[in-house]
Q: 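Next up is a structure, given as structure tokens.
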Amino acid sequence: QVQLLESGGGSVQVGWSLRLSCAGSGYIFSTYCMGWFRQAPGKEREMVATIYGGGITSYADSMKGRFSISRDNNKKTLYLQMNSLDPDDTAMYYCAADSRWAACRDPGAVPFDYWGHGTQVTVSS
């Protein structure tokens, strides 16, 4: 059974950094497309970043240059390094996985099969 467990969220001040982690189990971690999504109160869920294959990454425009997605296949863990945090980054952050690389190529059109429970990130001024 596929299981995704996020951790690393918390409350920080503007400009600070956080590193989120997602531990995956129950599947061949290295072959799956992995992604981070977020949802703020009253807002639609949005893609943050995805990674698949040998390390092909994609980022939402607002996160480019500030956020970095990576993975350690030996540890079966996905990471999201978040720098220069802004109050607009406040949201629940979700880890997602899918065996189909199409989910990483076009996350808006291809829903991910598996989702974690989410970890809260709060950025205050």
Side-chain angles (χ1 to χ4, degrees):
Q1 182 177 340
V2 174
Q3 189 171 18
L4 303 172
L5 298 174
E6 302 98 329
S7 62
S11 182
V12 298
Q13 298 180 67
V14 170
W16 286 35
S17 298
L18 279 175
R19 183 178 177 85
L20 306 183
S21 297
C22 171
S25 62
Y27 65 102
I28 305 176
F29 186 91
S30 62
T31 69
Y32 270 53
C33 155
M34 302 290 295
W36 287 101
F37 295 77
R38 70 183 187 184
Q39 187 168 25
K43 300 290 185 179
E44 190 73 16
R45 183 187 67 196
E46 65 176 336
M47 187 271 286
V48 174
T50 61
I51 183 169
Y52 74 102
I56 302 170
T57 60
S58 182
Y59 297 90
D61 288 340
S62 63
M63 269 67 78
K64 290 181 180 178
R66 297 192 302 120
F67 291 7
S68 179
I69 188 172
S70 63
R71 64 196 295 168
D72 187 329
N73 291 330
N74 290 326
K75 294 182 178 180
K76 298 181 180 179
T77 302
L78 176 74
Y79 303 99
L80 181 67
Q81 179 66 45
M82 305 186 295
N83 299 321
S84 301
L85 285 166
D86 184 271
D88 289 341
D89 295 318
T90 295
M92 281 290 293
Y93 284 72
Y94 298 91
C95 172
D98 202 299
S99 64
R100 304 166 299 171
W101 288 4
C104 276
R105 298 191 188 101
D106 194 1
V110 183
F112 278 62
D113 281 339
Y114 308 105
W115 295 83
H117 65 284
T119 184
Q120 179 68 40
V121 172
T122 302
V123 185
S124 59
S125 301

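Owing to the predicted nature of the structure, the values given are computational and were not obtained by experimental measurement. This chain uses plain numbering: 1 for the first residue, then up along the sequence.
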Q: Which heavy atom of Q120 sits nearest a heavy atom of A91, and at what distance?
A: NE2-O, 3.4 Å
Q: Is there a side-chain contact between F112 and F37 in this structure, where contact means two heavy atoms from C-beta onward sitting under 4.5 Å apart?
A: yes
Q: Do the non-hydrogen side-chain atoms of I56 and W101 ever get within less than 4.5 Å of each other?
A: no
Q: Please test F67 against L18 for side-chain contact (heavy atoms from CB on, under 4.5 Å), starting from the C-alpha separation and ending with a verdict.
A: CA-CA 10 Å; F67 291 7; L18 279 175; over 6 Å; no
Q: Is there a donor-acceptor pair under 3.5 Å between the side chain of W36 and the backbone N or O of Y79?
A: yes
Q: Determine the minimum heavy-atom distance between I28 and Y32, stating which atoms define it.
A: O-CD1, 3.4 Å
Q: Between D113 (side chain) and D98 (backbone), is there a donor-acceptor pair under 3.5 Å?
A: no
Q: Output yes when a side-chain donor or acceptor of R71 lies under 3.5 Å from a complementary backbone atom of F29, and no otherwise.
A: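 Yes: the side chain of R71 pairs with the backbone of F29.
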Q: Nearest heavy-atom pair of V121 and G9: which atoms, and what distance?
A: CG2-CA, 4.2 Å
Q: Check C104 against I51 and note the closest heavy-atom contact, atom names and distance.
A: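 Distance-wise, the nearest heavy atoms are SG-O, 3.5 Å.
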Q: Of all the heavy-atom pairs spanning S21 and T77, show the shortest one and how long it is.
A: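 Nearest pair, atom of S21 first, then T77: CB-CG2, 4.1 Å.
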Q: Under the criterion side-chain contact (heavy atoms from CB on, under 4.5 Å), I'd like the reasoning laid out for R66 against M82: C-alpha separation, chi angles, the key distance, then a yes or no.
A: CA-CA 6 Å; R66 297 192 302 120; M82 305 186 295; over 6 Å; no
Q: Dump the intermediate steps for side-chain contact (heavy atoms from CB on, under 4.5 Å) on R105 and V110, then the final yes or no.
A: CA-CA 9 Å; R105 298 191 188 101; V110 183; over 6 Å; no
Q: Is the shortest side-chain heavy-atom distance between S99 and T31 below 4.5 Å?
A: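 The answer is no, as the side chains (C-beta and beyond) never meet within the 4.5 Å cut-off.
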Q: Please check if the side chain of E6 supplies one atom and the backbone of T119 the other of a donor-acceptor pair under 3.5 Å.
A: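 Absent.
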Q: So, T90 side chain and V123 main chain: donor-acceptor pair closer than 3.5 Å or not?
A: yes
Q: Give, for atom CE of M92 and atom NE2 of H117, the distance between the pair rounded to the nearest 0.5 Å.
A: 7.0 Å
Q: Nearest 0.5 Å, what's the SG-CZ distance between C33 and R100?
A: 9.0 Å
Q: What's the spacing between Y59 OH and L80 CG if we round to 0.5 Å?
A: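 Here the rounded value is 8.0 Å.
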